[in-house]
Amino acid sequence: MVATTKTVEQVQELADDKYKYGFVTDIESETAPKGLNEDTVRFISAKKNEPEWLLEWRLKAFRHWLTMSEPKWSKVTFPPIDYQASYYYSAPKGTDDGPKSLDEIDPELLKTYEKLGIPLKEQEFLSGVAVDAVFDSVSVATTFKVKLEEVGVIFCPISEALEKCPDLVKKYLGTVVPYTDNKHATLNSAVFTDGSFVYIPPGVRCPMELSTYFRINAKETGQFERTLIIADKDSYVSYLEGCTAPMRDENQLHAAVVELIALDDAEIKYSTVQNWYPGDENGKGGIYNFVTKRGACRGRNSKISWTQVETGSAITWKYPSCILQGDNSVGEFYSIAITNNCQQADTGTKMIHLGRNTTSKIISKGISAGRANQTYRGLVKMSPKAEGARNFTQCDSLLIGDQCGAHTVPYIESKNKTAIVEHEATTSTISEDQLFYLRQRGIPAEAAVALVVNGFCREVLQQLPMEFAVEAQKLVGISLEGSVG
Amino acid sequence: MLEIKNLHVSVDGAEILKGIDLSIDPGEMHAIMGPNGSGKSTLSHVIAGRDGYEITGGRIIFQGEDLTGMEPEERAAKGIFLAFQYPVEIPGVANTTFLKEAVNAIHRFKGEDELDAMQFVKIMRAKTKELGISDDMLKRAVNVGFSGGEKKRNEILQMAVLNPTLAILDETDSGLDIDALKIVAEGVNKLRAPDRSMLIITHYQRLLDYIVPDKVHVLAHGRIQRTGGKELALELEENGYAEFDEAVA
């Protein structure tokens, strides 16, 4: 039973200074029946031609999900989610067989990505960046595949990886974020639709940036993608994800899971520029971004570095974490979170030190404006075996206006006498003096705020791959528009 | 160039400026001297358009236009530059980034094309060379960790790059040792031009040993009490501001 819906074209006249990604693509899609039950799970699994073991795993997750309650410890508020009111699968028609050559892709889709600044035609795209484009529930294109295959790198939709290298998927899927982890991650395990799979073979330095661009288009649809990245011994990969969605009055759920695995001497750099629709200035609509991201430094001397620029979503609930299992392994978390108007964010990280001489660094920059509320929540845990482990944490908050809030909640658990944990935190505002100084030099008020905030975030912006740093800087400015008046 | 007529300004209900009249012609350099609390800095801030000052009477006319009610950035774009007594730190923002943003904001305001990175670097190099400022200063975050002298030189550099029609120097000499003072004064003198007016606000006469004004005004108790030539500054150095206290008493 396949329902076909046609989304109504409602491209609104959007001024450049509003959310410019709020348009809807008029495309026919194929969706699962509305609501969530075991049949929905079976429908998705069947659509993807999945092996039996995966369907079983999904069903286990679904049955477990029914017994779970939502995490309540975060400082965000929203009405109960009606899980039966959403569609769990929506795919542009004709994408059943997975991405094909670029010539066969619906021109409407190509246009959408062009509008988003992500042209999928390889020759037009930023040299040195390969893209996997995920539209609602399916991957519609992956670029530079051939070039990557030459060095043995696998970069494809996870549904394709299940056919190409099922053993790798089976070996690692759910090993960092088990299906029992938390209600949002468990839901993802049951109904995940697509997402990227990356495998870097031993000794290979991935020759280009890998990137996934997520786009929610269909209405009343949740997006549940699952990303799995494995960096085998002595390999390196830098991966970036970007996300946008149309402006809609309803709240849409995005519950993704990302699992990273770094073996001996491997390094994974994972960057996110999250710009889901944040809702309007009164808090109507917007994406609920409830995401579980976790990396395991399984090997000695391995390294996982998270960088996130979180500007969108009505609510962000997200804690990209590192499990530092291998001796001498390194975890890093660099974060910029901007909340304006009625946005809420509860975000941070967990650094779990298990191995000896493991080190971690946390740099968090939170900017709150309008009536927004934001919390940094972070756990640093030194286990009894973490001899000589070290952590350094710095949390800086910047407040704009007098109606917003910033909160810092660090949890520190140290069970090893030789471990060192440092925590620094500051809270500041943009001063009248700074604003007047910049405006006296000719810089209008909003641009002045953007400049000060970009300066405040510089340490984190510098961590982004160069191609995206400029975009991220602009985004910082756009997200804060209307915050001074 | 600048015409201030019977300007009255209050802050939180207290009248600070009580009827200022001041007229500066193109190419002229005027100095305003006065004791602490006389309203000198208020005058400079009001010309630049800072919030928090209420103009209760009078007008400020700049090149035939009434400035009252104009945003600070608009005044800047029209050619008004204020060198700050206490230049402000902007952490994480490189001096070049800041200046490029400022120059291009003004270009946009005037409907002119923005400068690209190459054009801008060329201008910056020429200005730093002219003023004898090391390029190193351009890469550092705006005023962060700058010495008092460096901050003031940075103000002069900004003035050179933004090329204003009217430059107001608010107590530029404060906190400077004599060597730094000389360097800053030299910079100011280099920027004197027939089409640029300057208003120097200072407490002490010593700056005027290096920068010679066309006219000196004494501001006390919110009014200009006396106007004279450069010799007036020397007289003040000799006698202090005591006579103006009596003038009111």
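Below, read A as the first sequence line, B as the second, and so on, with proteins coming before strands; counting in each chain starts at 1. As the structure is a prediction and not an experimental result, all values here were calculated from the model.
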Looking at CG of A/L451 and CD1 of B/I90, how far apart are the two atoms once the value is rounded to the nearest 0.5 Å?
7.0 Å
Check each atom of [X] against the heavy atoms of chain A and say whether the ones under 4.5 Å are side chain, backbone, both or neither.
{"X": "B/I80", "result": "both"}
{"X": "B/E74", "result": "neither"}
{"X": "B/R50", "result": "both"}
{"X": "B/V142", "result": "side chain"}
{"X": "B/L162", "result": "side chain"}
{"X": "B/P164", "result": "neither"}
{"X": "B/Q158", "result": "side chain"}

Does anything in residues 63-90 of chain B pair up under ring pair (Phe, Tyr, Trp, His ring centres under 6.0 Å), and if so which pairs, sequence neighbours excluded?
A/F436-B/F84, A/Y437-B/F84
B/P72 and A/R439: which non-hydrogen atoms are nearest, and at how many Å?
CD-NH2, 3.4 Å
Which heavy atom of B/E101 sits nearest to which heavy atom of A/I443, and what is that distance?
CG-CD1, 3.8 Å
Going through the checks in order, is the side-chain contact (heavy atoms from CB on, under 4.5 Å) test met by B/V93 and A/N454?
CA-CA 7 Å; B/V93 179; A/N454 267 305; 5.8 Å; no
Okay, side chain of A/Q440, backbone of B/A76: is any donor-acceptor separation there less than 3.5 Å?
no
Any donor-acceptor N/O pair, B/R75 side chain to A/G442 backbone, under 3.5 Å:
no
Are there over 12 heavy-atom neighbours, none belonging to [X], within less than 6.0 Å of that residue's [atom1]?
{"X": "B/K190", "atom1": "NZ", "result": "yes"}
{"X": "B/D12", "atom1": "CG", "result": "no"}
{"X": "B/D136", "atom1": "CG", "result": "yes"}
{"X": "A/E432", "atom1": "CD", "result": "no"}

Pairing residues for B/E3 by the salt bridge (Lys or Arg N to Asp or Glu O under 4.0 Å) criterion, not counting sequence neighbours
none
Applying a strict 4.5 Å limit to non-hydrogen atoms, the region of A/E459 in contact with chain B is neither
